[in-house]
Amino acid sequence: MSLWLKAAQEKQGLIIAHRGARSLAPENTLTAAELAFGLGAHGWELDIRITADGVPVVIHDAFLRRTSDVEEHFPQDYPWETDRYDYETLQGLDFGSWFKETDPFGRIKAGEVSPAQLGAHRGCPIPTLDQALELTRSWDRLVNLEIKDLTGREGDASVAEKTVAAVARTGARERVLISSFNRDYLDRIRFLDPDLPLGLLQDRYRPDPLNLIRRSPARFFHPRIDSITPEQLRELNRAGVPALVWTVNDPAQARELMGAGAAGVITDFPQLFKGIEL
């Protein structure tokens, strides 16, 4: 049985680290995932894109500049589109040092990230999807794979199939939930593996989310926090649809959402939830 469905049925109050513990470490890296797991998160959410040579990798942005040193290596390649580079080239980039340089959540300034941790971030590589799945399995945790919408890009034709193949290859199937804004990907995955749990993402208010789910292959619903009402969460819960709300960085707000029926929250700050009963 899927561990996601089991956890939702048991109403465990899932805490899922958004791109890993991204407030304390470079997002979408194995370092960020391990830190989140060590803080007690039930799992992590990550993003999938496809390299120019067809390798599924873990990165959020369509462009490399924000989270790597690509500009230093290839100044002529503006705007540094992620899927224009092969995996070997991406392996030569530093996906960690930017975190110290930008301190995106102010946690370095607040003294929550040690000099030793910052030193370890330097040179962080981009993970393959296989590596991320293997790490998740080794920690006995859950993972939410968000497939980015690659419409119009070369990876669009293969990303669903390559994601399912990686899940099977790594033996992580029972730990995996796959989500996307792109319903075509969800349909393709349902055809390939009818029992893999799927999540439909929502980033704007809709008057009838339950109807959206019923017309999709998804069993989970992933609404942005400002796109869902407590009454809608209660309705989804009554219908047996687990909702994971993103991005929730306040434990008190998480309690309210779970009280209204949410199965869990996706957060940038798993450290704030350590040891807290929700």
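Numbers for residues simply follow the sequence, beginning at 1.
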TODO: On the 0 to 90° scale, with breaks at 30° and 60°, tag the W4-F220 ring pair as parallel, tilted or perpendicular.
DONE: perpendicular
- [ ] Would you check if the side chain of D94 reaches a backbone N or O of D69 as a donor-acceptor pair within less than 3.5 Å?
- [x] no
TODO: Using distance alone, with no hydrogens and no angle criterion, decide if N249 and T267 have a side-chain donor and acceptor under 3.5 Å apart.
DONE: yes
Open item on the list: Strictly distance-based, threshold 3.5 Å: is any side-chain N or O of R183 a donor or acceptor partner for the main-chain N or O of S216?
Closed with: no
Open item on the list: With no hydrogens and no angle check, just 3.5 Å: does a side-chain donor-acceptor pair link N182 and S180?
Closed with: no
Task: Side chain S23, main chain D268, donor-acceptor under 3.5 Å - done: yes
Open item on the list: Using side-chain heavy atoms (C-beta onward) and a distance below 4.5 Å, is F74 in contact with L64?
Closed with: no
Open item on the list: Does either side chain, that of S179 or that of N144, offer a donor lying less than 3.5 Å from an acceptor on the other one?
Closed with: yes
Open item on the list: Tell me whether the rings of W246 and F181 are parallel (<30°), tilted (30 to 60°) or perpendicular (>60°).
Closed with: perpendicular
Task: R49 side chain vs H60 backbone, donor-acceptor pair below 3.5 Å - done: yes
Open item on the list: So I59 and D47, do their side chains get closer than 4.5 Å, heavy atoms only?
Closed with: no
- [ ] Could you tell me whether the side chain of R137 and the main chain of T170 form a donor-acceptor pair under 3.5 Å?
- [x] yes
Open item on the list: Looking at D103 and R107, would you say the former's side chain and the latter's main chain have a donor-acceptor pair under 3.5 Å?
Closed with: yes
Open item on the list: Keeping R188 on the side-chain end and A157 on the backbone end, is there a donor-acceptor pair under 3.5 Å?
Closed with: yes
Open item on the list: Using a 3.5 Å distance criterion without hydrogens, assess whether the side chain of R190 forms a donor-acceptor pair with backbone atoms of L196.
Closed with: yes
Task: For Y185, the option from D156, T151, T163 that meets side-chain hydrogen bond (donor to acceptor under 3.5 Å, both in side chains) - done: D156
Open item on the list: So N237 and K11, do their side chains get closer than 4.5 Å, heavy atoms only?
Closed with: yes
Task: Side chain proximity check, K162 to L129, heavy atoms < 4.5 angstrom - done: no
